[in-house]
Amino acid sequence: MSLHLFNTLTRRREEFVPLDEGRVGMYCCGPTTYADPHIGNMRTFFFADLLHRYLELRGFDVKFVMNLTDVDDKTIRGAIRDGIALGEYTEPFATRLFENFARLGIEGADEYPRATDYIAQMIALIDRLIEGGLAYQAADGSVYFDISEYPGYGKLSKTDPTRARRGARVAADEYDKGDVRDFALWKAAKPEDAKVGAVWETPWGSGRPGWHIECSAMSMSELGETFDIHCGGVDLIFPHHEDEIAQSEGATAKPFARYWLHGEFLQLQGEKMAKSTGNLFTLEDLLERGVKASSIRHTFLTAHYRSKLNFTWQALDASAEAVRRLRACYVRLREHPTSRHARADDTPRLHEVAARSLAAFTRAMDDDLNTSVALSALFELVTETNARLDDLCTIGITEAEAEAARSAFDRIDGVFGLLALAEREQDDPVDQQRLAAWVEQRLVERADARSARDFTRADRIRDELATRGVVVEDTPTGPRWSVQP
RNA sequence: GGUGCCGUAGCCAAGUGGUAAGGCAGAGGUCUGCAAAACCUCGAUUCGGCGGUUCGAAUCCGCCCGGCACCUCCA
């Protein structure tokens, strides 16, 4: 089976075949750097990262580009308000975005083009549109895309451009557009724009770019005029992506992005995330409340990317437990004694289990990144591995069998990134060592007490360890301990 | 008003015509000095409601109820 992805353009699941065999150009609409990203933004970027990782696992050589919109109404407004240059205003938000990526284990893109670095390309693109008769300069000095000259308009969002517009917003429009549906490619400079350095000279006067043209210029500059995948949040389908298609294909007369993928929104406690109601969390907010980044990753994975995800505390708790069990199994596998050969009365079986899980994982991910099902494949591997180690008890597992299971875990985690993140979440090495020395000493005392059948003292030591968050488990090979939050 | 999505066990969530994955929580069991962990077993005779199509529907169609999203710059 091959990878199939749901293409918003056709509203169908399609086999993914890149333009150049083995190579994929992928673009994700990044954030506007005017505020710290919230957890909903992170879901979308997580989704793009997941797609990126899976394409690489599938053997594709991927070039992944995510832009940063560092000039638009909001960034200019913010810079003016703070009395600083545009770049000075936007850069901290970009920095924080990357910090968030690191905390969440999002590997990120190969390139992060900033809109302000691509002004020349935008101007060139707009020039082509004007020459082609698809754009015009209005009395206000701004340049607009002329929808009436572009017949394909509406093909992504399935909107009918001939339908009469309605709504009060039109009246509030402050620009001199020929048609209310026309959108700005270039916005004429306003006096205050210059104060923050948000003005560029062009053949048709000074100003700054419209939002949509930024993405067309950056994506085509980095990936070519036709490329494979364009993704982002569902809210971008209209008008952003619709307009990107119109202006890009209008200028080049070539297909723009071939597959359009859109990630659904995240809801908090069943409600829409909104600043107005305070129903909004950033990654920092969640971490401060003791939520682990690995729990968030797991919660993201439980739902399909095209479904709304109900983000609840209960779901996060459930995820924390699921990740704990996953990691415990992986660690147990790693620490289980090994032997060179299987005993005569033992039949290794994890090779087969690992192969089956991996196949189920791949089948699910091939089906439009069905992470819920892919996750069930991983947990089948967990259950089977634990059962196998239970059976072996103190008997060693052959290195080959252990390796088969371990490599299946590693391969799946190369996409999910749960184990890798959980590993990093362990306490820092220095503290860990100091604690370990203390715990080991207490465990020796407890072992003495137990062999003397002084269970009262043994339990007292265990309780003492528990107050420090150390949980002791007695196993056939001796006590094992771990730190619980 | 237009377009589209969703409603599956206590919670999260797959499944889109062939008789309900998985995770968390819960119950019982094995193991244990007691635990913990792990494993095993159990849980929706049923998929918002009512009709219809079909040999057969959670899956298709209609209506209704409930929730949500987009409709000019919000991931």
Side-chain angles (χ1 to χ4, degrees), chain A residues 11 28-32 37-48 69 72-74 157-160 163-167 169-170 172-173 177 180-184 210-212 231-240 242-243 262-267 270-275 298-299 301-304 306-326 328-329 332 360 364 370-380 382-391 393 450 453 455 458-459 462 466 471-476 479-482 484:
Chain A
R11 309 281 154 125
C28 177
C29 278
T32 301
H38 53 68
I39 198 65
N41 294 316
M42 297 314 286
R43 186 194 182 192
T44 298
F45 304 137
F46 172 84
F47 148 61
T69 299
D72 82 319
D73 288 344
K74 288 190 290 278
S157 57
K158 312 294 175 209
T159 51
D160 180 0
R163 227 184 46 233
R165 284 294 303 185
R166 67 282 99 163
R169 276 161 169 165
V170 175
D173 205 299
K177 296 191 269 191
V180 287
R181 298 181 312 261
D182 291 352
F183 56 90
W211 179 32
H212 316 305
C231 58
V234 278
D235 55 321
L236 299 182
I237 295 172
F238 188 86
H240 187 52
E242 191 68 64
D243 291 350
H262 293 96
E264 249 297 351
F265 272 13
L266 174 147
Q267 292 186 349
E271 281 175 33
K272 185 193 171 165
M273 233 174 19
K275 279 179 184 158
H298 181 272
T299 298
L301 289 169
T302 58
H304 185 89
R306 282 190 291 110
S307 300
K308 287 182 192 70
L309 170 65
N310 190 12
F311 207 67
T312 63
W313 301 112
Q314 233 178 350
L316 287 166
D317 285 345
S319 287
E321 183 55 27
V323 173
R324 187 208 58 73
R325 185 171 154 232
L326 169 66
C329 176
R332 184 183 179 194
N370 191 335
T371 51
S372 341
V373 173
L375 212 46
S376 75
L378 175 60
F379 277 89
E380 192 185 318
V382 169
T383 300
E384 292 293 331
T385 299
N386 276 323
R388 172 68 176 144
L389 297 179
D390 275 1
D391 287 352
C393 196
R450 291 182 77 206
R453 303 197 66 79
F455 296 120
D459 286 349
R462 188 169 64 189
V471 176
V472 180
E473 300 164 41
D474 293 315
T475 74
R480 180 167 56 211
W481 62 278
S482 56
Q484 300 290 310

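Chain identifiers are assigned alphabetically (A, B, ...) following the order of the sequence lines, protein sequences preceding nucleic acid strands; residue numbering begins at 1 within each chain. A quick note: this is a predicted structure, and the numbers were derived from the prediction, not measured. Atom set for the values below is all heavy atoms of this structure, side chains included, hydrogens, waters and symmetry mates excluded.
Rounding to whole angstrom units, CD of residue A/Gln267 and P of B/C12 are separated by 11 Å. Regarding A/Phe265, its CZ atom lies at a distance of 15 Å from the P atom of B/C68, rounded to whole Å.
A stacking contact between A/Phe45 and B/A75 is absent: the pair does not combine a ring-centre distance of less than 5.5 Å to the base's six-membered ring with planes differing by less than 30°.
Where RNA chain B pairs in unbroken runs of 3 or more (Watson-Crick or G-U, both distances under 3.5 Å), the stems are B:1-7 with B:65-71, B:10-12 with B:22-24, B:26-30 with B:38-42, B:48-52 with B:60-64.
Considering only side-chain N and O atoms, A/Arg324 lies under 4.0 angstrom from the phosphate OP1 or OP2 of B/A38.
B/A58 and B/U16 have their C1' atoms separated by 9 Å, with the value rounded to a whole Å. On the P atoms, B/C12 is 24 Å away from B/C39, given to the nearest whole Å.
Using a 4.0 Å heavy-atom criterion, one finds that A/Glu473 contacts the bases of the nucleic acid, with or without backbone contacts as well.
Applying the side chain to side chain donor-acceptor pair (under 3.5 Å) test to A/Thr312 and every residue at least two apart in sequence or in another chain returns nothing. Here A/Arg306 pairs with A/Asp368 under the side chain to side chain donor-acceptor pair (under 3.5 Å) rule; sequence neighbours left out.
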Contact letters for nucleotides 14-21 of chain B, in which S counts primed atoms plus P, OP1 and OP2 and B counts the base, heavy atoms under 4.0 Å: SS-----B
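For the pair A/Asn41 and A/Val472, nearest-nucleotide mapping onto RNA chain B gives the more 5' position to A/Val472.
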Collect all protein-nucleotide pairs involving nucleotides 26-32 of chain B in which both atoms are nitrogen or oxygen and the distance is under 3.5 Å.
none

Taking only nitrogen or oxygen atoms into account, show me every contact under 3.5 Å that the protein makes with nucleotides 39-42 of chain B, one pair per line with its distance.
| from | atom 1 | to | atom 2 | distance (Å) |
| --- | --- | --- | --- | --- |
| B/C39 | OP1 | A/Arg325 | NH2 | 3.2 |
| B/C39 | OP1 | A/Asn386 | ND2 | 3.4 |
| B/C39 | O4' | A/Asp390 | OD2 | 3.0 |

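A/Asp474 has no carboxylate O lying under 4.0 Å from a charged side-chain N of A/Arg480, or vice versa, which leaves the two without a salt bridge.
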